[in-house]
Number of protein chains: 2
Amino acid sequence: MLKLSRLADYAIVILVKLGEQDGVVTSPALAAITGVPEPTVAKVLKVLSAHGFVLSQRGAKGGYRLARSLADMSVASVIAAVDGEIALTACVGGRECDTGLSCGLCGSWDVINTAIRSTLEGISLESMRPKEACSTVLAQINKLNATQTVREGA
Amino acid sequence: MLKLSRLADYAIVILVKLGEQDGVVTSPALAAITGVPEPTVAKVLKVLSAHGFVLSQRGAKGGYRLARSLADMSVASVIAAVDGEIALTACVGGRECDTGLSCGLCGSWDVINTAIRSTLEGISLESMRPKEACSTVLAQINKLNATQTVREGA
DNA sequence: TAATTAAAGACCTGAATGGTCCTGTTTCGG
DNA sequence: CCGAAACAGGACCATTCAGGTCTTTAATTA
């Protein structure tokens with residue numbers, strides 16, 4: 001299915017919502033806004049804080065706020081922070097497959113990984129915000145498809 | 001991590017290897033070639049057969065062979081056959097998020113899903129074969145990156 | 001100093017994936 | 001005609017890991 005982990009999903013939602021608030025926001029408040037369970041929100045925020053996406057302020061009247069603008073955060077970077085490196089398969093960077101498969105495809109996998117990574121790096125959290133930005137991204141996709149000519153099958 | 005399931009990984013390796021043989025090949029033989037455990041190979045081949053990627057021949061002297069050329073199989077189609085639809089997150093096609101998140105980002109996710117899908121559809125199994133085809137795909141990636149200008153963050 | 005809130009980490013649970021096996025059914029060879 | 005070989009199609013188990021909870025500690029403010 002090639003699906004994203006839910007934590008990464010949450011992380012993106014949380015960041016976007018956090019960007020729409022002003023001042024510091026507590027994790028319970030963000031939980032209320034997003035509908036994500038509070039402990040999970042806290043967990044995600046810790047990770048995001050550790051990776052420099054948000055700034056935390058401890059103590060009374062503490063909370064979180066964005067470390068930089070949404071436009072300066074790519075979807076890829078958030079996913080990488082929460083879930084680790086984006087890699088579709090075990091054999092990455094020329095390392096041998098763990099199972100010792102004689103697949104000989106390791107290099108080719110890297111190509112795919114790079115393609116996916118580039119795609120996600122090209123999408124900022126700013127463009128994830130509802131409505132307005134969608135058309136922009138859609139235009140990108142169309143241009144992207146026009147470029148894609150390697151081949152397609154049924 | 002956004003990683004591919006191992007079954008889909010195997011499926012691609014098996015198809016590529018199958019394409020390099022001539023005549024029908026038994027699943028034990030493919031297991032030997034790929035290094036994947038035989039029962040697993042058999043399982044994957046059944047799925048691939050059901051989805052029309054390979055043709056099976058039953059009985060003694062039976063085995064499998066490709067239903068069409070590797071160039072006519074996209075990475076995306078194989079993944080979709082083995083793992084189901086490619087979708088990075090729960091909210092797809094405008095459906096509400098199952099958790100009832102008030103994320104309001106559902107539409108934006110679709111954009112990402114489409115982008116990933118297009119990328120993988122642009123890569124054929126033929127181009128997964130070692131060596132020769134890599135340069136071609138790499139050129140694609142570069143062109144693709146040049147097109148991507150939405151924005152990128154740290 | 002007391003209350004509030006984030007930081008950090010241990011820990012539990014459950015779903016889902018990967019992997020195995022078993023029982024047909026078909027086809028070829030003797 | 002019979003047996004072996006090989007696919008078909010399940011059921012089934014086991015392991016992993018993500019997701020979520022709880023507890024303790026530390027910092028900040030009133």
Side-chain angles (χ1 to χ4, degrees), chain A residues 1-11 13-14 18 23-32 34-65 67 79 81-84 88-90 97-99 101, chain B residues 1-14 18 23-32 34-67 79 82-84 87-90 97-99 101:
Chain A
M1 51 196 65
L2 186 72
K3 69 159 173 279
L4 202 54
S5 84
R6 204 170 302 178
L7 269 305
D9 188 338
Y10 290 161
V13 173
I14 288 171
L18 184 55
V24 298
V25 186
T26 67
S27 43
L30 271 172
T34 58
V36 177
E38 194 274 328
T40 303
V41 172
K43 187 181 199 173
V44 171
L45 282 170
K46 276 177 242 173
V47 175
L48 292 176
S49 172
H51 283 82
F53 289 91
V54 299
L55 300 175
S56 65
Q57 185 175 339
R58 302 175 75 159
K61 306 214 65 168
Y64 294 93
R65 61 195 168 87
I79 294 176
V82 176
D83 281 343
L88 268 64
T89 163
C97 306
D98 17 355
T99 45
L101 299 182
Chain B
M1 54 194 65
L2 185 73
K3 68 159 175 279
L4 201 55
S5 83
R6 204 169 304 177
L7 269 305
D9 188 339
Y10 291 162
I12 292 176
V13 173
I14 288 171
L18 184 54
V24 297
V25 186
T26 68
S27 46
L30 271 172
T34 59
V36 177
E38 194 274 328
T40 303
V41 172
K43 186 181 201 172
V44 171
L45 282 171
K46 276 178 242 175
V47 175
L48 292 176
S49 172
H51 283 82
F53 289 92
V54 298
L55 299 176
S56 64
Q57 186 175 339
R58 302 175 74 159
K61 307 215 64 170
Y64 294 93
R65 63 196 168 85
L66 291 185
I79 294 176
V82 176
D83 280 342
L88 267 64
T89 162
C97 306
D98 18 354
T99 45
L101 299 182

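Chain identifiers are assigned alphabetically (A, B, ...) following the order of the sequence lines, protein sequences preceding nucleic acid strands; residue numbering begins at 1 within each chain.
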CG on B/Leu4 to CD1 on B/Ile12, rounded to 0.5 Å:
6.0 Å
Once you round to the nearest 0.5 Å, how far does CG of B/Leu45 lie from OG of B/Ser27?
6.0 Å
In whole angstroms, the gap separating C1' of C/dG24 from NZ of B/Lys46 amounts to 12 Å
Could you give the CD-to-C1' distance, from A/Gln57 to D/dT28, as a whole number of Å?
8 Å
Taking for B/Lys43 and for A/Ser49 the nucleotide of DNA chain C with the nearest heavy atom, the one nearer the 5' end belongs to A/Ser49
I'd like to check A/Leu7 versus A/Thr40 (side-chain heavy atoms, cut-off strictly below 4.5 Å). Are they in contact?
yes
Should A/Val13 and A/Val36 count as side-chain neighbours, where that means a heavy-atom distance under 4.5 Å?
no
Among the nucleotides [options], which one has an atom lying closest to any side-chain atom of [X]?
X	options	answer
A/Ala60	D/dT28, C/dC28, D/dC7	D/dT28
B/Leu7	D/dT21, C/dA8, C/dG18	C/dG18
B/Lys61	C/dG29, C/dT17, D/dG20	C/dG29

Quiz item: A/Arg58 side-chain donor-acceptor pair to C/dT5 base, under 3.5 Å
no
Would you classify A/Pro39 as touching base, sugar-phosphate or nothing, given that sugar-phosphate means primed atoms plus P, OP1 and OP2, and contacts are heavy atoms under 4.0 Å?
base
For C/dG18 and B/Tyr10 - does any side-chain N or O of the residue sit under 4.0 Å from the phosphate oxygens OP1/OP2?
no
